[in-house]
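All figures in this text were calculated on a predicted structure; none of them were measured in a lab.
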Amino acid sequence: SQQGEEDPQALSIQEGENATMNCSYKTSINNLQWYRQNSGRGLVHLILIRSNEREKHSGRLRVTLDTSKKSSSLLITASRAADTASYFCATDQGSNYKLTFGKGTLLTVNP
Amino acid sequence: GAVVSQHPSWVICKSGTSVKIECRSLDFQATTMFWYRQFPKQSLMLMATSNEGSKATYEQGVEKDKFLINHASLTLSTLTVTSAHPEDSSFYICSARSAHRLYEQYFGPGTRLTVT
């Protein structure tokens, strides 16, 4: 079963705008990660945030984690057309660190 | 570093035949490899976890006799789709991780399987 649920399912914005995607999950986690997938391609790891962290930055990416609400958000600032892709959150739980993926958000950045 | 390759990148086969997909870790030893499938416009679903030298652990609902997984070395795992049917058409993605960083999985580029 899917652990993570992203919203929105699809997001369309103009270049230069910020994009925010949210992810919710159901059980306690070790880490939460965000991945990007261009159409028909493999996954690109974006950022990992540990359960004891609340916020993390990487370039134009900002991730927050609220373990009390079991939710995370990914903010992409100053978006570019090249950011057009599907974005997935993935959580790992327990000692085996298996990843469970959310349903993803399809982001379209219009030039 | 941490590159994972898959071969082939795409394959078309006839219904009833078997197809083998390879997943290789190119620059690290992968004690564990994972196999996922992804239907169009959907998320990744974990099919099975394979540890080097031992039998794969399959997720609920995944037929182990249909999806044969072998992880014979620390750099290679294979997924064989046996007696493929059109409903097996999907995007298959593998990932690999080392024993030192359990929370990091490195993903292959995926294999598009089309069964006609």
Enquirer: Heavy-atom cut-off 4.5 Å, strictly under: side chain, backbone, both or neither for B:Gln105 against chain A?
Expert: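 For B:Gln105, heavy atoms of backbone and side chain both lie under 4.5 Å from chain A.
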
Enquirer: Tell me, for A:Gln33 versus chain B, whether the close heavy atoms (under 4.5 Å) come from the side chain, the backbone, both or neither.
Expert: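 For A:Gln33, side-chain heavy atoms alone lie under 4.5 Å from chain B.
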
Enquirer: So does A:Gly102 get a backbone contact from the side chain of B:Ser43, meaning a donor-acceptor N/O pair under 3.5 Å?
Expert: yes

Enquirer: Would you say B:Trp35 and B:Val81 are hydrophobically clustered, going by side-chain heavy atoms of ILVMFWY under 4.5 Å?
Expert: yes

Enquirer: Roughly how far, to the nearest 0.5 Å, is the OG1 atom of B:Thr32 from the OH atom of A:Tyr97?
Expert: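 Answer for the OH-OG1 pair, A:Tyr97 versus B:Thr32, is 12.5 Å.
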
Enquirer: Give me the contact list for residues 36-61 of chain A versus chain B, heavy atoms only, anything under 4.5 Å, ordered by residue number.
Expert: A:Gln37, A:Gly40, A:Arg41, A:Gly42, A:Leu43, A:Leu48, A:Arg50

Enquirer: Please classify the contact between B:Glu59 and chain A as side chain, backbone, both or neither, with a heavy-atom cut-off of under 4.5 Å.
Expert: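 Just its side chain gets close to chain A.
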
Enquirer: What part of A:Asn30 gets closer than 4.5 Å to chain B, counting heavy atoms only: side chain, backbone, both or neither?
Expert: neither

Enquirer: What part of B:Gln38 gets within 4.5 angstrom of chain A, counting heavy atoms only: side chain, backbone, both, or neither?
Expert: side chain

Enquirer: Do you reckon A:Ile13 sits in the same ILVMFWY cluster as A:Tyr87, going by side-chain contacts under 4.5 Å, direct or chained?
Expert: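 Hydrophobic grouping puts A:Ile13 with A:Tyr87.
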
Enquirer: Decide if atom NE2 of B:His7 counts as having more than 12 heavy atoms of other residues, nucleotides or ligands within a radius under 6.0 Å.
Expert: no

Enquirer: Using the rule that two of Ile, Leu, Val, Met, Phe, Trp, Tyr join whenever any of their side-chain heavy atoms come within less than 4.5 Å, decide whether B:Met47 and B:Val115 are in one cluster.
Expert: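 B:Met47 and B:Val115: one cluster.
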
Enquirer: Over all heavy atoms of both residues, which pair between B:Gln42 and A:Phe88 is shortest? Give the atoms and the distance, please.
Expert: O-CZ, 4.0 Å

Enquirer: Go through the steps to decide whether A:Leu99 and B:Tyr36 satisfy the test side chain to side chain contact (heavy atoms under 4.5 Å, CB included), and finish with yes or no.
Expert: CA-CA 10 Å; A:Leu99 291 179; B:Tyr36 299 84; 3.7 Å; yes

Enquirer: May I ask whether A:Val109 and A:Leu11 are part of the same hydrophobic cluster, defined by side-chain heavy atoms of I, L, V, M, F, W, Y residues being less than 4.5 angstrom apart, directly or through others?
Expert: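 Linked within one cluster.
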
Enquirer: Quick check: is A:Trp34 connected to A:Tyr25 through a chain of hydrophobic side chains (ILVMFWY, heavy atoms under 4.5 Å apart)?
Expert: yes

